[in-house]
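All remarks here apply to the structure that follows.
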Amino acid sequence: MSQKPSYVEECIKDYKYIFQPELLRGKVAFITGGGTGICFTIAEVFMRHQCDTVICSRKMDKLRESAETLSKATGRRCVPVQMDVRTPESIMKAADTALSEFGRIDYLINGAAGNFLSPITGLSFNAFKTVMEIDAHGTFNVSKVIYEKYMKDHGGVIVNITATLQTRGQVLQAHAGSAKAAIEAMTKHMAVEWGMDGVRVMCVAPGPIEDTEGMRRLSRGRINDEYVKGIPIQRMGTREEMGNTVLYVVSDAAQLVTGTVLIADGGHWLSNPNNYYQTKKLMQKKSQL
Ligand code: COA
Ligand code: NAP
């Protein structure tokens, strides 16, 4: 019997509506990184609220497969578009495709990112640059294109998916933390300059979220009961919860909310261990550093 490969994205089995099911009727979202993980589920939750979506990243096969899964589960349209957030030309083409398919882009979710665990001494110049370019430059590039092509004249909401790595200088995360910090600063600049055009710009910062590539890469098998009990709410977050959080941010319930960061991590960043000496010892023991 053939088994589904584990990387096939799955929709929520039993989605429970918190907001009105028609909340985003007639709207369109452009979601980078929407073919996988947290952003796949953000697309799903939006579509369950009657939004159509465009999901973009580098791997077209994955995007096609995910778009089909999302449309089947929600009955809404999802258009997959190949795009590298580091290449302005590919972003302009993707934005043109979105506008010719739907005629509008109400929400931009900047979720594309790259990350891995590494001490600063283990980062080549190119490794640091690569993560900065995907996360920080990528967020700038896509926001500028979507604002100039559509939101400048019609308003909208931009949600940048960041993290809490930078709040306390998380060990082994100098590259991603620096990039996310840049995005959080950029968010304020964009909120200030684009507010008069009816554009809100926000960050949503997840903590550890179950069943994601981010956690697979960053946990390296270190998620045990002790780790989970160290989180104030005593559990990790779910992709569904991230979808609902971003749904709130784009909704009219958040009309006064712009230029700031909504941390959605169950209090993890406040209590998460951040000791380089101990981390180094642990990883040397496991021959991981
Ligand atoms: N530790 C240290 N350096 C690493 C690394 C690791 N685990 N993984 C990659 N690098 C370095 C590479 O060696 C390379 O540097 P070099 O040219 O000096 O050797 C540099 O990073 C770029 O790697 P490359 O594979 O060429 O980049 P890419 O653009 O193809 O991919 C990554 C970007 C590396 C971030 C890749 O892991 C990726 O595509 N990630 C997307 C998914 C993801 O990260 N999800 C989690 C989101 S939180
Ligand atoms: P993920 O599934 O690996 O998502 C990353 C996405 O980015 C992938 O779909 C990838 O698709 C896309 N991408 C990477 N480089 C790209 C590029 N150059 N151009 C366009 N797209 C690119 O990881 P995730 O764990 O769900 O993370 C999603 C977001 O949440 C990220 O911003 C991450 O930093 C943030 N976050 C996650 C956690 C967590 O617990 N998982 C915690 C805090 C923050 P392709 O490979 O097809 O390009």
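All heavy atoms count here, side chains included; hydrogens, waters and symmetry mates do not. One-based numbering, in listed order, for ligands and for the atoms of each.
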Taking side-chain contact (heavy atoms from CB on, under 4.5 Å) as the criterion, tell me which of I120, L165, L117 meets it with L172. L117
P206 and side-chain contact (heavy atoms from CB on, under 4.5 Å): which partner among I38, T245, D265, T164? I38
Who's closest to [atom] heavy-atom-wise, of [options]?
{"atom": "atom 44 (C) of ligand 2", "options": "L218, I161, T162", "value": "T162"}
{"atom": "atom 42 (C) of ligand 2", "options": "S66, G207, A163, G37", "value": "G207"}
{"atom": "atom 38 (C) of ligand 2", "options": "T212, I38, D84", "value": "I38"}
{"atom": "atom 9 (O) of ligand 2", "options": "N141, T87, D211, T36", "value": "T36"}

Quick check on contacts: which atoms of ligand 2 are under 4.0 angstrom from a heavy atom of [X]?
{"X": "M83", "answer": "19 (N), 20 (C)"}
{"X": "R86", "answer": "18 (N)"}
{"X": "M215", "answer": "40 (O), 41 (N)"}
{"X": "P208", "answer": "40 (O)"}

Can you pull out the closest protein heavy atom to [atom]? Residue, atom name and distance to 0.1 Å, please.
{"atom": "atom 29 (C) of ligand 2", "value": "G111 O, 3.6 Å"}
{"atom": "atom 22 (C) of ligand 2", "value": "A112 CB, 3.6 Å"}
{"atom": "atom 16 (C) of ligand 2", "value": "R58 NE, 3.5 Å"}
{"atom": "atom 5 (C) of ligand 2", "value": "A113 O, 3.8 Å"}
{"atom": "atom 25 (O) of ligand 2", "value": "G214 N, 2.9 Å"}
{"atom": "atom 34 (O) of ligand 2", "value": "K180 NZ, 2.9 Å"}
{"atom": "atom 40 (O) of ligand 2", "value": "I209 N, 2.9 Å"}
{"atom": "atom 6 (C) of ligand 2", "value": "G33 CA, 3.7 Å"}

Establish, yes or no, whether a centroid distance under 6.0 Å links the rings of Y17 and F19. no
Measuring from atom SG of C78 to atom CD of E101, what distance do you get when rounded to the nearest 0.5 angstrom? 11.0 Å
Would you say [X] has more than 12 foreign heavy atoms packed within less than 6.0 Å of its [atom1]?
{"X": "E193", "atom1": "CD", "answer": "no"}
{"X": "E22", "atom1": "CD", "answer": "yes"}
{"X": "Q20", "atom1": "CD", "answer": "no"}
{"X": "K93", "atom1": "NZ", "answer": "no"}

Minimum-distance pair of heavy atoms, taken over all atoms of [X] and [Y]:
{"X": "R200", "Y": "T258", "result": "CA-OG1, 3.4 Å"}
{"X": "I223", "Y": "M236", "result": "CG2-SD, 3.8 Å"}
{"X": "R76", "Y": "D52", "result": "NE-OD1, 3.3 Å"}
{"X": "V157", "Y": "M151", "result": "O-CE, 3.7 Å"}
{"X": "V171", "Y": "N274", "result": "N-OD1, 2.9 Å"}
{"X": "A94", "Y": "F30", "result": "O-CE1, 3.8 Å"}

For ligand 2, is any non-hydrogen atom under 4.0 Å from [X]'s backbone (N, CA, C, O), its side chain (CB onward), both, or neither?
{"X": "K62", "answer": "neither"}
{"X": "D135", "answer": "neither"}
{"X": "S57", "answer": "both"}
{"X": "I134", "answer": "side chain"}

Could you go through ligand 1 and note, for every N or O atom, any protein N or O atom closer than 3.5 angstrom, writing the atom names and distance to 0.1 Å, or 'none'?
unit_1: ligand 1; atom_1: 15 (O); unit_2: S124; atom_2: OG; d: 3.2
unit_1: ligand 1; atom_1: 17 (O); unit_2: N126; atom_2: ND2; d: 2.9
unit_1: ligand 1; atom_1: 18 (O); unit_2: S124; atom_2: OG; d: 2.6
unit_1: ligand 1; atom_1: 29 (O); unit_2: R86; atom_2: NH1; d: 2.9
unit_1: ligand 1; atom_1: 29 (O); unit_2: R86; atom_2: NH2; d: 3.3
unit_1: ligand 1; atom_1: 37 (O); unit_2: R217; atom_2: NH1; d: 2.8
unit_1: ligand 1; atom_1: 39 (O); unit_2: R58; atom_2: NH1; d: 3.4
unit_1: ligand 1; atom_1: 39 (O); unit_2: R58; atom_2: NH2; d: 2.8
unit_1: ligand 1; atom_1: 44 (O); unit_2: N115; atom_2: N; d: 2.9
unit_1: ligand 1; atom_1: 44 (O); unit_2: N115; atom_2: O; d: 3.4
unit_1: ligand 1; atom_1: 44 (O); unit_2: R217; atom_2: NH1; d: 3.2

Would P206 count as a contact residue for ligand 2, given that I'm defining contact as a non-hydrogen atom of the residue lying under 4.0 Å from a ligand atom? yes
Heavy-atom contact check, 4.0 Å cutoff: does G138 meet ligand 2? no
Test side-chain hydrogen bond (donor to acceptor under 3.5 Å, both in side chains) on N115 and Q173 and set out the steps. CA-CA 8 Å; N115 200 4; Q173 287 288 272; 2.6 Å; yes
Parallel, tilted or perpendicular, judged at 30° and 60°: which one describes the rings of Y147 and W194? parallel
G34 N/O under 3.5 Å from ligand 2 N/O: no
Should V246 and V45 count as side-chain neighbours, where that means a heavy-atom distance under 4.5 Å? no
